[in-house]
Amino acid sequence: MAITMGDSVRLRFAPSPTGYLHIGGVRTALFNWLWARRLGGTFVLRIEDTDEARSTEENTQVILRDMRWLGLNWDEGPEVGGDHGPYFQTQRRDLYQKYVDQLVESGKAYRCYATKDELQKARDELKAKDPKAQFKYPGWWRDKGPADWPKDQPYVIRLKVPESGDVTYEDLVFGQQRFPADAMQDFVLIRSTGMPLYNLGCVIDDHTMGISLVARGRDHMINTPLQVLIYQALGFDVPQFAHLPMMLGKKNEKLSKRHGAVSVAEYRKAGFKPDGLLNYLARFGWSHGDQEVFSLDDLIQTFDWAGCNRSDGRFDPNKLLAINFEHLKEDHLTDEATYLKQWAPYVNEAYGEVDEARLAKVMPLIRPRAKTYLEATERVDWLFATELVFEDKSKNKFLTADKAEHLLPLRDLVQAHEPFEATSLEEAVKAWAERDDIKLGAIAQPARVALTGKGASPGLFDVMELLGRETTVARLAAGHALATEG
RNA sequence: GGUCCCAUCGUCUAGCGGUUAGGACACCGGCCUCUCACGCCGGUAACGCGGGUUCGAUUCCCGCUGGGAUCGCCA
């Protein structure tokens, strides 16, 4: 497709504040955002809060906060404004009403006074007669006019859907699409409360906000022909569409809580890096040859709709973890300053305000060992926790009377050794082990447990240097005491 | 059931008529090693089925099967 730069390229993400920000939604937001950024276009955030029963201000705030955390900044929308506002659908009701009145006047839509009960009754009757039959609104009010309108009765507005013919549109991912009009019914545009339904609000907003390409999940694909009909009835130009395959759970059902974390907030708490999450999500339903790891800049430079896949996929927490790990351990993806800045909040929350210099010093030891910032935090408890916690398994295995014999000699060596520095300590201990024909592991494993409480840790001598002479000496002695007392 | 969509290792995918069907995650070996990781080396594992089209189909077409979306005054 032709790549045109500039103002005419406008994309949007339009979440409903009926819940937290779901990672499936983030994937949609990301693809829109990437395309806008790649073409130097505009990314609009619009809040579709017309479901009054489920939309809350709190949810809106959560969505904005999580979008910001992810780095998916918007050029127009809540809190940043823009020339096409307001960006909350509930604040655009006059606009919807105006266009709907226009449709009714031109005979392309009509008032329907049928009540929900009447419709339900008709549905039930049809189902009783033929369980397999497809219920369609029977068009009771389709051909009535103002003379037939009852006074003071609530009504909805329905679109007059053509009785034959096809609705077609071009999908950037799925190709040319064709839907038979007779499979659709005269659907409702606006509720009896005057609040627009999804399809109407979506079309009017996308049009008035100048959206050039609508990209959304495949679950909306069935709405698109309906929306095309509204565009046509209103005389609007139809934008481009791109639908994205669904992100499903392990067993092919909709991705939900039972598959683990689904909200952005949970991934933040679990210590994921935004770029890592975004990298995984980008590679879900999109590919660029064999490349798996992308910085955000890589994505902006390489993302395109042609690389999008059409088949639904299953969310894989393992792969997400692996991609996140890649981002955390590779310096070109996360430089030290960034790592420190992003990691520090987790550490401070776990252990209280810790010394930045010490944190910076353990960092290089932890990076190749931790897949998330949270895991990294758990791996430095021996350094920052107020009390050393022993793993039972490791304690029982290595802090025993027979295995603790080298602990005190090691303590003595460490106490006297200069300089107190990892490489130098290592040389000294290795020399001792060799001289007395002791396997290094026989010294190191009990010592590791004494110093860190665990059977696995960064290199023993790095641990010592970080702990400092005083703590190292004290813990070696305490470990020996623990091993021999019982 | 109607309408629509999809189909390559367990998972994410490369492939766009001729390949020993490639990569990544996961898994299993091995090396490295003070432990755990990292890193390195190697391995197991896929074209759903049946018809066409073609000299030749994973690739194009049709059918089947299987999976999914949707059928609201939700979005």
Side-chain angles (χ1 to χ4, degrees), chain A residues 14-16 18-19 48-51 53-55 89 112 114-116 119-120 123 130-137 154-158 171 174 177-180 182-185 187-193 195-199 201-202 216-225 243 245-246 248 250 252-254 280 283-293 309-323 325-326 329 365-371 379 394 398 426 429-430 433 439-449 452 454-461 463:
Chain A
S16 296
T18 52
E48 304 207 332
D49 53 353
T50 56
D51 184 344
R54 295 191 300 152
S55 298
Q89 288 191 320
C112 169
T115 64
K116 285 185 188 178
L119 285 165
Q120 193 52 50
R123 264 189 209 103
D130 179 1
K132 284 187 240 168
Q134 151 89 343
F135 179 78
K136 271 174 74 169
Y137 168 72
Y155 59 87
V156 299
I157 304 293
R158 289 179 183 271
D171 190 301
F174 286 89
Q177 298 297 309
R178 174 178 302 272
F179 292 82
D182 65 9
M184 307 181 220
Q185 61 175 330
F187 59 95
V188 175
L189 296 172
I190 201 161
R191 295 174 171 91
S192 53
T193 60
M195 195 62 91
L197 250 13
Y198 172 71
N199 283 317
C202 189
R216 74 226 315 189
R218 189 174 67 78
D219 47 337
H220 284 290
M221 211 160 164
I222 209 88
N223 284 317
T224 304
H243 291 96
M246 309 276 300
L248 304 170
K250 200 81 200 157
N252 250 14
E253 65 279 88
K254 243 173 114 182
Y280 174 77
R283 276 290 285 99
F284 197 99
W286 172 80
S287 62
H288 186 67
D290 282 339
Q291 191 174 348
E292 299 281 350
V293 180
N309 218 316
R310 286 176 291 277
S311 48
D312 295 342
R314 264 147 301 208
F315 176 73
D316 183 358
N318 263 329
K319 184 116 185 188
L320 167 58
L321 218 41
I323 294 290
F325 185 34
E326 210 58 41
K329 87 179 145 62
L365 306 178
I366 296 304
R367 284 183 69 166
R369 294 177 165 84
K371 292 183 163 70
R379 284 179 178 277
S394 305
F398 293 109
E426 180 169 4
V429 171
K430 278 187 170 164
K439 285 172 84 175
L440 191 55
I443 299 173
Q445 279 307 87
R448 183 187 322 284
V449 179
T452 68
K454 294 178 176 56
S457 79
L460 185 67
F461 305 101
V463 167

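Proteins get letters first, then strands, A, B, ... in listed order; numbering begins at 1 in each.
- Taking atom P on both B:A37 and B:C27, the two are 11 Å apart, rounded to the nearest angstrom.
- For A:Pro245, the side-chain contact (heavy atoms from CB on, under 4.5 Å) partners two or more places apart in sequence, or in a different chain, are A:Arg27, A:Asp312.
- With sequence neighbours left out, the side-chain contact (heavy atoms from CB on, under 4.5 Å) criterion links A:Ala370 to A:Ile366, A:Glu375, A:Ala376, A:Arg379.
- For A:Gln177, the side-chain contact (heavy atoms from CB on, under 4.5 Å) partners at least two apart in sequence or on another chain are A:Tyr169, A:Asp171, A:Phe174, A:Phe179, A:Met221.
- Looking at heavy-atom distances under 4.0 Å, A:Ser16 makes contact with sugar-phosphate atoms alone, never a base.
- In this structure, the side-chain hydrogen bond (donor to acceptor under 3.5 Å, both in side chains) partners of A:Asn199, at least two apart in sequence or on a different chain, are A:Asn223, A:Gln227.
- Spacing between atom CZ of A:Arg314 and atom P of B:A7 amounts to 13 Å, rounded to whole angstrom units.
- If you check every strand for non-hydrogen atoms under 4.0 Å, A:Val156 touches a base.
- B:C16 and B:U33 have their C1' atoms separated by 46 Å, given to the nearest Å.
- The pairing partner recorded for B:C27 is B:G43, the criterion being a Watson-Crick or G-U wobble arrangement whose two distances lie under 3.5 angstrom.
- Among the heavy atoms of the strands, none lies under 4.0 Å from A:Ser394.
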- Message: Protein within reach of the bases, or only the backbone? For nucleotides 63-71 of chain B, mark each nucleotide 5' to 3' as B, S or -, using heavy atoms under 4.0 Å.
- Response: ----SBSSB
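- In this view, A:Glu292 and A:Arg283, A:Lys319 satisfy the side-chain hydrogen bond (donor to acceptor under 3.5 Å, both in side chains) rule, not counting sequence neighbours.
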- Encode nucleotides 25-39 of chain B as B, S and - characters from 5' to 3', where the letter depends on protein heavy atoms closer than 4.0 Å: B to the base, S only to sugar-phosphate, - to neither. SS-------BBBBSS
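- When heavy atoms are screened at a 4.0 angstrom cut-off, A:Arg310 is found touching the sugar-phosphate backbone but no base atom.
- Within the 4.0 angstrom heavy-atom criterion, base atoms lie near A:Asn223.
- The shortest distance between the side-chain N/O atoms of A:Ser287 and the OP1/OP2 oxygens of B:A14 is below 4.0 Å.
- Residues forming a side-chain hydrogen bond (donor to acceptor under 3.5 Å, both in side chains) with A:Arg448 (at least two apart in sequence, or on another chain): A:Gln445, A:Ser457.
- A 3.5 Å limit on both hydrogen-bonding distances identifies B:U65 as the Watson-Crick or G-U partner of B:A7.
- Using Watson-Crick or G-U wobble geometry with both donor-acceptor distances under 3.5 Å, B:C71 finds its partner in B:G1.
- Evaluation of the side-chain contact (heavy atoms from CB on, under 4.5 Å) rule for A:Asp290 yields no partner, not counting sequence neighbours.
- Contact annotation for A:Gln291: no contact, since no heavy-atom pair falls under 4.0 Å across all strands.
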